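Below is one structure; the comments refer to it alone.
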Amino acid sequence: MRDIDVFTKLLALARPWLVERVDLDPKAESICVVLRHRSNARFRCPKCGAVLPLYDHIPLRSWRHLDHGSWATWLQARIPRVSCLFHGIRQVRVPWALPAARFSLAFEKHAIDTLLEADVLGAARLLRISWDEAWGFMDRAVERGLKAKKRRVIPRLGVDEKAVAKRHQYVTLVSDLDRGTVEFIADDRKIASLDRYYESLTKRQLAGIQAIAMDMWEPFITSTWRHVPDAGGKIVFDRFHIMKHMTQAVDEVRKAEHRRLLKDDDDTLKRTKYLWLFSEENLPERYAEWFARLKALNLKTGRAWAIKESLRDLWSYRRKGWAKRFWKAWYFWATHSRLPPVVKVARMLESHLANVLTYCDHVITNATSEGLNSKIQTVKKTPMVSATASI
């Protein structure tokens, strides 16, 4: 079989395109496949699809194609242009590449497959492309995916923020809690950031939202109230963010008490920071005895930790009446603990109680969003670590 016939089959060329010749350069280890169209061929206008005769050609262009062994392969052709009555002179589409692309579709697909298995720098080395070209593949793949994505009602949303750089730079992340997919990302964490997502939805999609898990960040709350019908009964303040506030309160109590004890040469709380951050069932076995001794002491930190652990029982209730009854007892205990950080968190939760208790109606958390945050962090770090190691 001739090399022309081989590449015609490999490229799956259809009329009017054919392989004119194949040039080999052993010194450069490259293959150049020159393509042309048949004479008297007619082409479609890329805008309206009208079948038109050839107007002229653009200068010779090259596209990087799949390598053959260690040899780089290039496709070359002069792309035809047509003169459309409605759209003027237009460059026609070619079957082996996207408009304005410098790589064939087959190469782009192979590049995306490689990028899914390796970090950006590693994939760039394997593919013999630049860093910017690798990111270009990913950007175009995401753009194609978004265009192909069908509009649908997402009943349960997660809204979260993600730190992307130093100096408090964030993005807003909206996810589908049931499918575990990212639906929207916007710069910053302002009202306008989340507004952009809601404004992209139809009235049907907005009405179809049943529940939204989020933290108690006021811009997210305001935006949701603006756009989502009956938002008051659909916002659910995420239990993990709430417990994070309580855990921070425990740590503040520990630090203050540790400073006071050190003045009396008492280092009881030395190296205990992370013990108090564990929930009871997650405490490593090797620390169990030590932690039991600490809890037996009359420490303010121990009381703060007990109040924090007790709050977790709030989410075991499925009826609001019982949940409110538990809350009243817990709130009295917390606000009478004489532990300022604990009192502060308790009062904050009281001011947002209605949407803490909506958990009884919609049993959702932002765990999916947090998991996606972790994946984003991994994607963000991996290429940077590799790049740093190679410098």
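From a predicted model like this one, the values you see are computed outputs, not experimental measurements. Reckoned from all heavy atoms, side chains included, excluding hydrogens, waters and symmetry mates.
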Which heavy atom in [X] sits nearest to a heavy atom in [Y], and how many Å separate them?
X    : Y    : value
V120 : A134 : CG1-CB, 3.8 Å
G122 : D119 : N-OD1, 2.7 Å
R42  : V51  : NH2-O, 3.5 Å
A106 : L66  : O-CD2, 3.7 Å
A249 : V345 : CB-CG2, 3.9 Å
P59  : R78  : C-CG, 4.2 Å

Using only heavy-atom distances, determine whether the side chains of [X] and [Y] contain a donor-acceptor pair under 3.5 Å.
X    : Y    : result
R156 : Q210 : no
S130 : D132 : no
W305 : T301 : no
T365 : Y359 : no
S223 : D195 : yes

Is any side-chain heavy atom of [Y] closer than 4.5 Å to one of [X]?
X    : Y    : answer
K263 : R259 : no
W330 : L314 : no
V19  : L13  : yes
Y198 : T224 : yes
W276 : T247 : no
T272 : R254 : yes

With a 4.0 Å cut-off on N to O distance, would you call [X] and [Y] a salt bridge?
X    : Y    : result
R21  : D23  : yes
R312 : E309 : yes
K320 : D361 : yes
E133 : R128 : no
D67  : R64  : yes
R102 : E108 : no
E257 : R260 : yes
D188 : K190 : yes
R152 : D176 : yes
K109 : D113 : yes

Atom pairs and distances, donor-acceptor, side-chain atoms in residues 282-300, under 3.5 Å, two or more places apart:
unit_1	atom_1	unit_2	atom_2	d
N282	ND2	S279	OG	2.8

Worked verdict on H241 versus F237 for ring-ring contact (aromatic ring centres under 6.0 Å, His included): CA-CA 8 Å; H241 282 91; F237 291 136; over 10 Å; no

Candidate list F220, W217, Y197, test side chain to side chain contact (heavy atoms under 4.5 Å, CB included), partner T172, passing option: F220

With a 4.5 Å cut-off on side-chain heavy-atom distances among I, L, V, M, F, W and Y, is there a chain of contacts connecting [X] to [Y]?
X    : Y    : value
F240 : L277 : no
L262 : L275 : no
L357 : I221 : yes
W71  : L126 : no
M216 : L157 : yes

ILVMFWY cluster membership beyond L98 - transitive side-chain contacts under 4.5 angstrom: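 For the cluster that includes L98, the remaining residues are L105.
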
Enclosure of [X] [atom1] (heavy-atom neighbours >12, cutoff 6.0 Å):
X    : atom1 : value
R44  : CZ    : no
R318 : CZ    : yes
D187 : CG    : no
D230 : CG    : no

Return a table of donor-acceptor pairs under 3.5 angstrom between the side chains of residues 30-40 and protein atoms on other chains or two or more places apart.
unit_1	atom_1	unit_2	atom_2	d
H37	NE2	H57	NE2	2.7

Donor-acceptor pair, distance only, cut-off 3.5 Å: does the side chain of [X] make one with the backbone of [Y]?
X    : Y    : value
S337 : A334 : yes
H352 : M348 : yes
H336 : V343 : no
N366 : D238 : no
T335 : Y331 : yes
T222 : P219 : no
K234 : P229 : yes
T114 : A123 : no

Rounded to the nearest 0.5 Å, what separation is found between the [atom1] atom of [X] and the [atom2] atom of [Y]?
X    : Y    : atom1 : atom2 : answer
H65  : Q76  : NE2   : CD    : 13.5 Å
L116 : M138 : CG    : CE    : 9.5 Å
K324 : Y317 : NZ    : OH    : 14.5 Å
S175 : I185 : OG    : CD1   : 10.0 Å
I58  : I79  : CD1   : CD1   : 4.0 Å

K255/K273 under side-chain contact (heavy atoms from CB on, under 4.5 Å): CA gap, chis, key distance, verdict: CA-CA 8 Å; K255 286 189 284 189; K273 173 182 177 178; over 6 Å; no

Under 30°, 30 to 60°, or over 60°: which ring-plane class applies to [X] and [Y], parallel, tilted or perpendicular?
X    : Y    : result
W131 : W135 : tilted
W63  : W96  : perpendicular
F137 : F103 : perpendicular

Audit row: V236, I212, side-chain contact (heavy atoms from CB on, under 4.5 Å) steps and yes/no: CA-CA 6 Å; V236 181; I212 309 156; over 6 Å; no

Within 45° cone of Y55 ring axis and under 6.0 Å: R81 NZ or CZ: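 So R81 doesn't make the cation-pi contact.
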
Candidate pair S193 and Y170, rule side-chain hydrogen bond (donor to acceptor under 3.5 Å, both in side chains), full reasoning: CA-CA 10 Å; S193 304; Y170 295 89; over 6 Å; no

